[in-house]
Amino acid sequence: MKSKNVKSVIISMLLLLAFNISAQEEVKVPLTNPNKEGFLKIGVLNGSISIKGYDGKEVIVKGTRRARKSHKRQRSRRGDREGLKRISANSLEFSVEEYDNNVRVKSTVNGTTDFEIQIPKNFSLKVSTVNQGDIYIENVNGTMDISNTNGKITLKDISGSVSADALNRDIVVSFVKVNPDVPMAFSSLNGDIDITFPKNVKADIKVKSDRGEIYTDFDIKTRPSKAKVTKGDSRKRNAYSVKVEKWVVGSINGGGPEILFKNFNGDVIIRSR
């Protein structure tokens with residue numbers, strides 16, 4: 001292991017101890033090869049994640065612990081504490097590790113911690129959160145895998161490719177440039193999917209919205225989707241089954257890698273810029 005990599009791991013271990021005494025902390029992590037592309041992975045249970053690309057060569061991570069709310073049930077049990085001063089227990093705990101331009105941010109599952117992260121522009125991402133937070137990413141170029149269960153996903157002025165899913169909120173993405181060789185996918189259950197592509201993007205699209213509408217300002221050449229046929233299903237004693245799904249398929253600017261849009265209770269909006 002290179003000396004720089006060892007240093008990064010040691011820093012993360014020391015900071016993990018120090019974060020218990022503060023509700024907000026910022027750390028700077030040097031990259032092993034600052035002139036090459038990097039990869040960032042962060043997944044939290046509770047909290048928002050904001051990531052912005054900048055012209056520097058370090059990864060800057062700022063964590064903020066949200067104040068814990070006092071509940072009536074807890075107050076009712078504290079009659080014998082009248083006259084005493086309460087000291088906040090909103091401790092902050094997270095770690096940052098770097099090895100060969102791969103950066104991983106880990107956070108405790110207790111409480112709610114919001115993250116603001118700055119990265120060099122050429123970075124790929126794997127980002128997820130579950131509760132009490134949105135995901136916001138801006139000015140980043142790379143391959144992105146983004147997931148949010150109960151919050152919104154917003155990607156602004158990005159380049160590269162995206163796979164994004166949001167269970168209960170909107171997905172809004174604005175591309176500056178698209179990787180011409182990589183398929184992409186966007187899915188939501190209870191929110192709109194609103195994606196803006198460069199007007200010269202080449203793609204084959206596959207779109208479905210069970211209870212919503214589909215809108216676009218592209219000149220899309222549509223074609224009928226084929227029924228899915230399954231033969232010889234052993235679970236049904238070799239039954240012959242035909243499954244028909246309401247997909248819209250077509251091509252933009254002559255076609256290219258597939259871009260899939262799947263929604264249930266929201267609209268799908270495909271824009272050009």
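Only a predicted model underlies this, so the values are computations on that prediction, with no experimental measurement involved. Below, each value reflects all heavy atoms present in this structure, side chains not excepted, and no hydrogens, waters or symmetry copies.
Arg66 pairs in a side-chain hydrogen bond (donor to acceptor under 3.5 Å, both in side chains) with only one of the listed residues (Asn46, Thr112, Asp114), which is Asp114.
Using a 4.5 Å heavy-atom cutoff, the side chains of Ile146 and Asn148 are not in contact. Contact check for Val59 versus Glu98: no side-chain heavy atoms found under the 4.5 Å cut-off. Using a 4.5 Å cut-off on side-chain heavy atoms (C-beta onward), Ile51 and Phe123 make no contact. Residues Glu37 and Asn101 have side chains not in contact (no heavy-atom distance under 4.5 Å, counting atoms from C-beta outward). In this structure, Ile205 and Phe218 have side chains that are not in contact, with every pair of non-hydrogen atoms separated by 4.5 Å or more. For the pair Phe175 and Ile158, the minimum side-chain heavy-atom distance is below 4.5 Å. Residues Gln132 and Asn150 form no side-chain contact, since every pair of their non-hydrogen atoms from C-beta on lies 4.5 Å or further apart. Counting heavy atoms from C-beta on, the side chains of Leu125 and Ile119 come closer than 4.5 Å.
One hydrophobic cluster holds both Val162 and Ile42 under the rule that ILVMFWY side chains link at heavy-atom gaps under 4.5 Å. Grouping the Ile, Leu, Val, Met, Phe, Trp and Tyr side chains by contacts below 4.5 angstrom, directly or via other members, places Ile195 with Ile214. Residues Ile259 and Val248 share a hydrophobic cluster, clusters being chains of Ile/Leu/Val/Met/Phe/Trp/Tyr side chains in contact below 4.5 Å. Cluster annotation: Phe197 and Val173 are assigned to the same hydrophobic cluster (Ile/Leu/Val/Met/Phe/Trp/Tyr, side-chain heavy-atom contacts under 4.5 Å, transitive). Linking Ile, Leu, Val, Met, Phe, Trp and Tyr whenever their side-chain heavy atoms come within less than 4.5 Å leaves Ile270 and Val172 in two separate clusters.
Using the six-membered ring where Trp is involved, Phe94 and Phe115 have ring planes that are perpendicular, over 60° apart on the 30 and 60° scheme. Taking the six-membered ring for Trp and thresholds of 30 and 60 degrees, Phe186 and Phe261 have nearly parallel ring planes, at less than 30 degrees apart.
With Ser48 contributing its side chain and Asp134 its backbone, the two residues share a donor-acceptor pair below 3.5 Å. Side-chain atoms of Ser188 come within 3.5 Å of backbone N or O of Arg169 as a donor-acceptor pair. Looking at Ser209, its side chain does come within 3.5 Å of a backbone N or O of Gly266 through a donor-acceptor pair. For Thr196 (side chain) and Ser174 (main-chain N/O), no donor-acceptor pair under 3.5 Å exists by modelled atom type. In this structure, the side chain of Asn139 engages the main chain of Gly53 through a donor-acceptor pair within 3.5 Å. Looking only at distances, a side-chain donor or acceptor of Asp192 sits under 3.5 Å from a matching main-chain atom of Asp267.
Nearest heavy-atom pair across Ile171 and Ser187 is CD1-O, 3.2 Å. Residues Pro257 and Pro183 come closest through the heavy atom pair CB-N, 3.9 Å. In terms of heavy-atom proximity, Asn253 sits nearest to Lys199 at ND2-O, 3.0 Å. Listed here is the closest heavy atom pair of Asn141 and Gly160: OD1-N, 3.9 Å. For the residue pair Asp165 and Ile153, the shortest heavy atom distance occurs at O-CD1, 3.4 Å.
The pair Asp157-Arg273 meets the salt-bridge criterion, with a side-chain N (NZ, NE, NH1 or NH2) lying under 4.0 Å from an Asp/Glu carboxylate O. A salt bridge links Asp55 with Lys121: at least one charged nitrogen is closer than 4.0 Å to a carboxylate oxygen. Salt bridge annotation for Asp219-Lys221: present, with a cationic side-chain nitrogen under 4.0 angstrom from a carboxylate oxygen.
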Side chain to side chain donor-acceptor pair (under 3.5 Å) between Ser272 and Asp217, worked out:
CA-CA 7 Å; Ser272 64; Asp217 58 355; 3.1 Å; yes
Asn122 vs Lys36, test: side chain to side chain donor-acceptor pair (under 3.5 Å). Steps then yes/no.
CA-CA 8 Å; Asn122 293 320; Lys36 294 184 178 181; over 6 Å; no
Test side chain to side chain contact (heavy atoms under 4.5 Å, CB included) applied to Met184 and Val178, step by step:
CA-CA 10 Å; Met184 294 188 278; Val178 172; 3.6 Å; yes
When you look at Lys52 and Tyr54, which way does the side chain to side chain contact (heavy atoms under 4.5 Å, CB included) test go after all the steps?
CA-CA 6 Å; Lys52 295 182 179 180; Tyr54 80 119; over 6 Å; no
For Val103 and Phe39, run side chain to side chain contact (heavy atoms under 4.5 Å, CB included): C-alpha distance rounded to whole Å, both residues' side-chain angles, the deciding distance at 0.1 Å, then the answer.
CA-CA 6 Å; Val103 180; Phe39 174 77; over 6 Å; no
Just do the side chain to side chain contact (heavy atoms under 4.5 Å, CB included) check on Tyr136 and Lys156 with the steps written out, would you?
CA-CA 8 Å; Tyr136 179 86; Lys156 180 181 179 182; 3.4 Å; yes
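A distance of 8.0 Å separates CD in Glu93 from OG in Ser107, rounded to the nearest 0.5 Å. Taking OG of Ser50 as the start and CD1 of Ile137 as the end, the distance is 8.5 Å to the nearest 0.5 Å. Put simply, CZ on Arg223 and CG on Asp204 are 5.5 Å apart, with the number rounded to the nearest 0.5 Å. With rounding to the nearest 0.5 angstrom, the CG atom of Asn265 is 8.5 Å from the CG atom of Asp210. Here the CG-CG distance, from Leu167 to Leu189, works out to 5.0 Å after rounding to the nearest 0.5 Å. How far NZ of Lys57 is from CG of Asn35: 4.5 Å, rounded to the nearest 0.5 Å.
Around atom NZ of Lys126, no more than 12 heavy atoms belonging to other residues, nucleotides or ligands sit under 6.0 Å away.
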